[in-house]
2 protein chains.
Amino acid sequence: MSAFSTAATGGRKKRGEGHTRREEILQAAKELFLEQGYDSTTIRKIADRVGVSAPALYLYFQDKEQMMLALCDQTFGYLIESIGEIEKNVSDLRERIRQFGEAYLRFGLKHPDEYRLIFLGSNVPESVRKIGHRMPTDDPTRPGVNGAIVFQRLVGVLVEAEAAGLKLNYPADTCAELCWMGMHGLASALILKPEFPWSNRDLLINGMLDMVLKGIIRDA
Amino acid sequence: MSAFSTAATGGRKKRGEGHTRREEILQAAKELFLEQGYDSTTIRKIADRVGVSAPALYLYFQDKEQMMLALCDQTFGYLIESIGEIEKNVSDLRERIRQFGEAYLRFGLKHPDEYRLIFLGSNVPESVRKIGHRMPTDDPTRPGVNGAIVFQRLVGVLVEAEAAGLKLNYPADTCAELCWMGMHGLASALILKPEFPWSNRDLLINGMLDMVLKGIIRDA
DNA sequence: ACAGATAACTTATCAACGTTAAGTTAACGG
DNA sequence: CCGTTAACTTAACGTTGATAAGTTATCTGT
């Protein structure tokens, strides 16, 4: 009776193998979320792609939202990684700030759907929208902290820069907020309105980075 | 049988008075959208508040989305008005740009829900998300152009500023985009994440305005 | 080998949603 | 007072996220 869908993964799992089903569900959900967006990705579509019934998903996730949270944490892990590499490789602090911004931007443009889901809350329940700034101190085991960690790293490098003698125009946290807001403004504009006749993308990126650095760090 | 809801507005309209019903629906929809957001505002809730059945709404609007579009146009009319006043009263062009930015920001913070709906597309169908940049040239009679007009005015003042001798760091349209992106980044951050421990709001606003002007206009 | 126990499912169902079809009522023009 | 039709209503459809309750298959202990 049940038509086998494209990525059905065989029959019932053996005892103790439930976690593999969980990963299959996450994989299918990720594909569908990226293909069709959050709203259009229904529980039933995910279940079909995995090859199980819809209620089976509720054995592994509390609800649709928790699937999204798990996926977002995963994707944002990649951004945290690349930020870690910049911290390791770029010693000049002004340049490090700039590369943070650029990495953030490139990440957003490379993963527009995840970016939307975390930082723009497009068609996502409020609790998902909030995970972009959920603090790790809240409860480090809860999903969704990875979005916030990115911001904390930015504050970190700014504090470090100030300690190293760079003159900031505002307190470090204010500077971090302004920096993030500038980057976020650019990212969200390009992501939300791709059909707008924006001027050259690299010109905008470099312009924004210059603008932010100039606005935050007192000129040498 | 039908329980009269809070704002029920009497019985059936007389012939030719349908447009007043239309306005009642818009008013109820506006209240509910602002109280509960787009998703939570159901057709049935709107109909209840007006005091009619749910399908009656479809006599006046094609669908839920068109109600939102009509409301957004209305609200953005206010911003266009205040921008018009700035154009009339502020002759210094650098100051005019700054006040444009501030007006935009204050407007966004005063009407966070409309802002979200137009510029952030939070829980709104894509066609609603797009009206923030729908060009008036597309079809001036269609609802939703008011969001775009705001941006065009910004381009206008920048072109004017350049003609008047102010030195821009980039082409005028690029400058307008960067300016808007900065303002939008700040507005959307404050609106989407109100529970984040932002530093002082006025400090952020002035900081962003300084940052943008400094980034766009070459120093005198 | 066989009897629970229980992980891993399914089928049936729910209430709520946006929307449509089709019928009803009431106001006006002649 | 009759017919047209604007202004509605009731009933229903197909989908959605989610739950309840039952079923099947695998493992453990004896």
Side-chain angles (χ1 to χ4, degrees), chain A residues 1-5 8-26 28-29 32-33 36-71 117 123-128, chain B residues 1-5 8-26 28-29 32-33 36-70 123-128:
Chain A
M1 157 97 79
S2 67
F4 284 94
S5 74
T9 35
R12 172 187 287 245
K13 294 289 174 183
K14 305 213 167 179
R15 285 206 171 193
E17 299 298 315
H19 62 96
T20 68
R21 183 69 82 198
R22 194 189 137 94
E23 274 155 36
E24 287 167 18
I25 293 170
L26 272 184
L32 285 167
F33 282 141
Q36 316 188 5
Y38 186 83
D39 269 2
S40 299
T41 299
T42 67
I43 296 287
R44 287 167 177 83
K45 282 184 192 168
I46 300 172
D48 271 4
R49 182 164 296 200
V50 174
V52 296
S53 69
L57 305 200
Y58 290 87
L59 296 174
Y60 304 103
F61 298 92
Q62 206 187 27
D63 51 28
K64 190 180 173 182
E65 188 181 319
Q66 295 300 316
M67 299 181 206
M68 196 68 233
L69 285 172
L71 286 172
L117 289 160
N123 291 340
V124 211
E126 192 180 12
S127 64
V128 176
Chain B
M1 159 91 82
S2 67
F4 285 94
S5 74
T9 35
R12 171 189 287 246
K13 294 290 175 185
K14 304 211 166 180
R15 286 207 169 192
E17 299 299 315
H19 60 96
T20 68
R21 182 69 84 199
R22 193 188 140 96
E23 275 155 36
E24 286 167 17
I25 293 170
L26 272 183
L32 285 167
F33 282 142
Q36 315 188 6
Y38 186 83
D39 269 0
S40 299
T41 299
T42 67
I43 296 287
R44 287 165 177 84
K45 281 184 194 171
I46 300 172
D48 271 3
R49 182 164 295 201
V50 174
V52 297
S53 69
L57 305 200
Y58 290 88
L59 295 174
Y60 304 103
F61 298 93
Q62 206 186 28
D63 51 27
K64 190 180 173 183
E65 189 180 317
Q66 294 301 317
M67 300 181 206
M68 197 67 234
L69 284 172
N123 291 338
V124 209
E126 191 180 12
S127 64
V128 177

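Here the structure is a predicted model, which is why all the values come from computation and not from measurement. A note on names: the letters A, B, ... follow the listed sequences, proteins ahead of strands, and every chain is numbered from 1.
- Shown here for A:Leu32 and A:Thr41, the closest heavy-atom pair between the two residues is O-OG1, 3.0 Å.
- Close to D:dA6, at under 4.0 Å from its OP1 or OP2, lies no side-chain N or O of B:Arg21.
- Contact annotation: A:Tyr60 side-chain N/O to C:dC9 OP1/OP2 distance is under 4.0 Å.
- A straight line from CD1 of B:Ile46 to C1' of C:dG18 spans 11 Å, rounded to a whole angstrom.
- When distances run from any side-chain atom of A:Val52 to the nucleotides D:dT9, C:dT19, C:dC9, the shortest one goes to C:dC9.
- Contact annotation for A:Thr41: backbone-only contact, meaning every heavy-atom pair under 4.0 Å involves sugar-phosphate atoms and none involves a base.
- Nearest heavy-atom pair across B:Arg22 and B:Ala70 is NH2-CB, 4.4 Å.
- Rounded to an integer number of Å, the gap from CD of B:Glu17 to P of D:dC8 is 11 Å.
- Looking at B:Arg15, its side chain has no donor and acceptor atom pair within 3.5 Å of the base of D:dA6.
- Each of D:dC27, C:dT20, D:dT19 was ranked by its minimum atom distance to the side chain of B:Tyr58; first place goes to C:dT20.
- Residues B:Ile25 and B:Val50 share a closest heavy-atom pair of CA-CG2, 3.8 Å.
- Atoms CD1 and CE, on A:Ile43 and A:Met67 in that order, are 4.0 Å from each other to the nearest 0.5 Å.
- Using a 4.0 Å heavy-atom distance criterion, A:Leu59 is classed as a base contact.
- Distance, B:Met67 CE to C:dC17 P: 14 Å, rounded to whole Å.
- D:dT9 atom P lies 12 Å from atom NZ of B:Lys13, rounded to whole Å.
- Here B:Arg12 does not reach the OP1 or OP2 of D:dT9: none of its side-chain N or O atoms lies under 4.0 Å away.
- For the pair B:His19 and A:Thr42, both in contact range of DNA chain D, the more 5′-proximal nearest nucleotide belongs to B:His19.
- Between C:dG18 and B:Lys64, a contact under 4.0 Å exists linking OP1 or OP2 to a side-chain N or O.
- Between A:Asp63 atom CG and C:dA16 atom P there is a gap of 18 Å when expressed in whole angstrom units.
- Atom CD1 in B:Ile25 sits about 11 Å away from atom P in D:dA7, given to the nearest Å.
- Between B:Arg21 and B:Tyr60, the shortest heavy-atom contact is CG-CE1, 3.5 Å.
- Distance CD (B:Glu24) to P (D:dA7): 12 Å, rounded to an integer number of Å.
- Rounded to whole angstrom, the span from the CD1 atom of B:Ile43 across to the P atom of C:dG18 amounts to 5 Å.
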